[in-house]
Amino acid sequence: LQAQYITTILGAAVELYTRSAGVAFFLGGAVLCAVSVKGVKRLIRQPRPPNHLSRKTTYGMPSTHSATISYFAASVLLASGYLPLHPAFPNSPLFRASAALGMGVWALLVSASRIWLGHHSVLQVAVGSAYGIGFAATWFVLWTSGGW
């Protein structure tokens, strides 16, 4: 399976398991992050690396995969550090650290794969990752301040 499907399935499973408004808000932010970064990509219009072997002609800057997976990782890190755990999860520092570390490693692997597979340049992945982290921080503040 591709990373986007695994991430989507896991997100949906957590929502079904917890039935949490916070998880739903977080997943909605992931969708909005992906849609908005695609809009930025259309504005910048930077081509993908010359060795990109796709039939689709899409732009590469910033990387949508990197933005979205970085959003997930940053959101899990922020939630693990600052929010109370849902009662469905074990309330332990080990669980919090494992969730944050696991998502961080997943984000690094997905982002690195975009470069390894020739879909994006290092700069396109770096900008995508920064976009996702910034989006997650903003979305987290909206949730915790009640500004949504």
Side-chain angles (χ1 to χ4, degrees), residues 1-46 48-49 56 58-148:
L1 284 173
Q2 293 182 353
Q4 64 195 29
Y5 297 120
I6 294 169
T7 306
T8 301
I9 290 167
L10 288 174
V14 170
E15 175 55 31
L16 290 172
Y17 181 66
T18 63
R19 298 176 190 246
S20 163
V23 173
F25 185 80
F26 159 75
L27 293 174
V31 171
L32 190 56
C33 178
V35 169
S36 65
V37 80
K38 284 180 183 279
V40 170
K41 184 180 284 199
R42 288 186 187 110
L43 289 173
I44 296 174
R45 303 172 63 96
Q46 184 183 80
R48 292 178 181 267
K56 292 190 330 183
T58 58
Y59 298 109
M61 173 65 89
S63 165
T64 303
H65 280 82
S66 298
T68 306
I69 199 66
S70 294
Y71 167 86
F72 272 99
S75 294
V76 169
L77 178 65
L78 289 166
S80 293
Y82 296 103
L83 297 178
L85 282 175
H86 189 277
F89 298 118
N91 191 14
S92 75
L94 181 60
F95 179 81
R96 288 176 180 272
S98 298
L101 181 62
M103 277 305 304
V105 169
W106 183 244
L108 286 172
L109 289 173
V110 169
S111 295
S113 77
R114 306 310 292 166
I115 299 164
W116 296 332
L117 295 171
H119 295 300
H120 293 284
S121 68
V122 172
L123 182 60
Q124 290 170 346
V125 167
V127 171
S129 296
Y131 186 95
I133 292 167
F135 199 98
T138 303
W139 204 245
F140 186 80
V141 167
L142 286 174
W143 175 254
T144 57
S145 69
W148 54 278

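Residue numbers start at 1 and run along the sequence shown. Note that the coordinates shown come from a computational prediction; the quantities given were computed from them, not determined experimentally.
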* Determine the minimum heavy-atom distance between A67 and V37, stating which atoms define it. => CB-CG2, 3.9 Å
* Return yes if some donor-acceptor pair links the side-chain N/O of R48 with the main-chain N/O of H119 below 3.5 Å, else return no. => yes
* Asked: Which class fits the ring pair F140 and Y82: parallel under 30°, tilted 30 to 60°, perpendicular over 60°?
  -> tilted
* Asked: If you take all heavy atoms of A100 and L77, which pair is closest and at what distance?
  -> CB-CD1, 3.8 Å
* Should M61 and V40 count as side-chain neighbours, where that means a heavy-atom distance under 4.5 Å? -> no
* Locate the shortest heavy-atom distance separating L109 from W116; write the atom from each residue and the value. => O-CZ3, 4.5 Å
* Asked: Are the side chain of T68 and the backbone N or O of H65 linked by a donor-acceptor pair below 3.5 Å?
  -> no
* Structure fact -> Closest non-hydrogen contact found for H120 with V125 is CB-CG2, 3.7 Å
* Structure fact -> Of all heavy-atom pairs linking T64 and A34, the shortest is CG2-O, 4.1 Å
* Y131 side chain near S70 side chain, heavy-atom distance below 4.5 Å -> no
* Taking all non-hydrogen atoms of both residues into account, name the closest pair between I69 and S111 and its distance. => CG2-OG, 3.7 Å
* Structure fact -> Between the CG atom in L108 and the OG atom in S113, the distance rounded to the nearest 0.5 Å is 11.0 Å
* ring-ring contact (aromatic ring centres under 6.0 Å, His included) with F26: which of W139, F72, W143? -> F72
* To do: Please name the residue in the list K41, Q46, R114 that meets the side chain to side chain contact (heavy atoms under 4.5 Å, CB included) test with Q124.
  => Q46
* Asked: Which value, rounded to the nearest 0.5 Å, describes the distance between S80 atom OG and L101 atom CG?
  -> 10.5 Å
